[in-house]
Amino acid sequence: MKRFIDIGANLTDSVFKGIYRGKEIHVNDFNDVLNRAISVGLEKIIVTAGCESDIVEAIDLVNGHENLFFTVGVHPTRCNEFNSANSSDEHLNKLRRFIAENKAKVVAIGEIGLDFDRTQFCDIETQKTYFDKQLILAGETGLPLFLHSRNCSSEFIDILNNHRDKISGGVVHSFDGTSEEAATYIEMGFHIGINGCSLKTEENLKAMASIPINRLMIETDAPWCGIKPSHAGYKYVKTKWDTKKKERWTKGSTVKDRVEPCHIVQVLEVMAEYRQEDPIELCNKIYENTSNLFFSNK
């Protein structure tokens, strides 16, 4: 029997309520999304938060579902949020309060890190400043990290190394780097999160296959990071659902180009086939890795 924990799903996104770009296209099907997830063996889902409004929505969402948990942190592209507050210290204290008031549901500091591909949203120096400050917060709370890294490897590693003796492990999520980068993160004590964006090219597949099984985690990054027909990993996908364009959605169908937690099965299928490993054994080891990092005290 397969047992899953999705380490990263953006379930506060309005598409799971049937709302796309501010317009309601179909009815709210969030409960159907959760039921499909449960039907494939998903036991827990970590809802990713990347700004204050995400956190507020996540609190409301997870408290209605025993199998949902969430992260607290500010995404690198949203770090101007600290400068928009009355003071950066006040905003950090707000994050502390979110954690203190929701201890049973907060499992990580994240999504934090660096993103040099999208500096139009937040400049590099601001990203680095508040990545550093949020790592201090992680050290204070003892929570593991849910990390974001895009085109910033050396700076990302340097900042993490400054806090290496104070942080309690974590995962570099949505990994799409090289085997060498994966090896560096593993040597630093981190796990590697794999989703559809990690399986686009043959080089991605080789990097994924190089990761020791005891350092792997699995995720969907829903509603994004689907495995598309143009991706190198797609030929290994076996499980598919009745899928319709959002305008033609009917109850029981998934939505074209809207990834759901149930699609975690497809990620596993690609991983197991390419690594030539038994899918149930791989799945259960990843479940164990994830439980030990995020849920050992829950």
Go through the side-chain N and O atoms of [X] and [Y] and say whether any donor and acceptor fall under 3.5 Å apart.
X	Y	answer
Asn289	His191	no
Thr243	Thr254	yes
Asn204	Ser198	no
Gln266	Tyr236	no
Glu269	Tyr274	no
Thr141	Arg96	no
Asp221	Asn10	yes

- Applying ring-ring contact (aromatic ring centres under 6.0 Å, His included), run through Phe70 and Phe98 and close with a yes or a no. CA-CA 11 Å; Phe70 73 107; Phe98 284 135; 8.2 Å; no

- Task: For residues Met217 and Tyr287, determine if any side-chain heavy atom of one lies less than 4.5 Å from a side-chain heavy atom of the other.
- Result: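 Heavy-atom side-chain distance check fails, nothing below 4.5 Å.
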
- Item | From CA spacing to verdict: salt bridge (charged side-chain N to carboxylate O under 4.0 Å, His left out), Glu187, Arg164 | CA-CA 11 Å; Glu187 189 277 329; Arg164 196 166 177 176; 3.2 Å; yes

Test your reading of the model: is there a side-chain donor-acceptor pair from [X] to the backbone of [Y], 3.5 Å cut-off?
X	Y	result
Arg258	Ala222	no
Ser253	Lys244	no
Asn80	Phe121	yes

Quick one: closest heavy-atom pair of [X] and [Y], and the distance?
X	Y	answer
Phe146	Ile7	CE1-O, 3.2 Å
Leu205	Gly233	CD1-N, 4.1 Å
Thr220	Pro261	CG2-O, 3.6 Å
Val62	Leu68	CB-O, 3.5 Å

Cation-pi between [X] and [Y]: NZ/CZ under 6.0 Å from ring centre and within 45° of the ring axis?
X	Y	result
Lys44	Phe295	yes
Lys105	Phe69	yes
Lys246	Tyr20	yes

- ring-ring contact (aromatic ring centres under 6.0 Å, His included) between Tyr130 and His75: does it pass, once the steps are laid out? CA-CA 9 Å; Tyr130 294 110; His75 190 281; over 10 Å; no

Looking at [atom1] of [X] and [atom2] of [Y], how far apart are the two atoms once the value is rounded to the nearest 0.5 Å?
X	Y	atom1	atom2	value
Asp278	Ile280	CG	CD1	5.5 Å
Asp242	Thr250	CG	OG1	6.0 Å
His173	Asn195	NE2	CG	7.0 Å
Glu81	Leu95	CD	CG	8.0 Å

- Query: Taking the six-membered ring for Trp, are Trp249 and His26 parallel (under 30°), tilted (30 to 60°) or perpendicular (over 60°)?
  - Reply: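 Taking His26 first and then Trp249, their aromatic rings lie parallel (interplane angle under 30°).
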
- Task: State yes or no: are the ring centers of His163 and Phe131 separated by less than 6.0 Å?
- Result: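 Centroid separation for His163 and Phe131: 6.0 Å or greater.
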
- Query: Counting only heavy atoms not in Gln276, do more than 12 fall under 6.0 Å of its CD?
  - Reply: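 Yes, because the 6.0 Å sphere around CD of Gln276 holds more than 12 heavy atoms from other groups.
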
- Decide if atom NZ of Lys235 counts as having more than 12 heavy atoms of other residues, nucleotides or ligands within a radius under 6.0 Å.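 Yes, because the 6.0 Å sphere around NZ of Lys235 holds more than 12 heavy atoms from other groups.
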
- Scan Ile99, Leu143, Ile112 and name whichever one has a side-chain contact (heavy atoms from CB on, under 4.5 Å) with Leu137.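 Looking at Ile99, Leu143, Ile112, the match for Leu137 under the side-chain contact (heavy atoms from CB on, under 4.5 Å) is Ile99.
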
- Mind running salt bridge (charged side-chain N to carboxylate O under 4.0 Å, His left out) on Asp257 and Lys245 for me, showing each step along the way? CA-CA 8 Å; Asp257 296 326; Lys245 291 183 178 180; over 6 Å; no

- Task: Would you please test Glu125 and Lys128 for salt bridge (charged side-chain N to carboxylate O under 4.0 Å, His left out) and show each step?
- Result: CA-CA 5 Å; Glu125 289 309 311; Lys128 290 165 69 174; 3.7 Å; yes

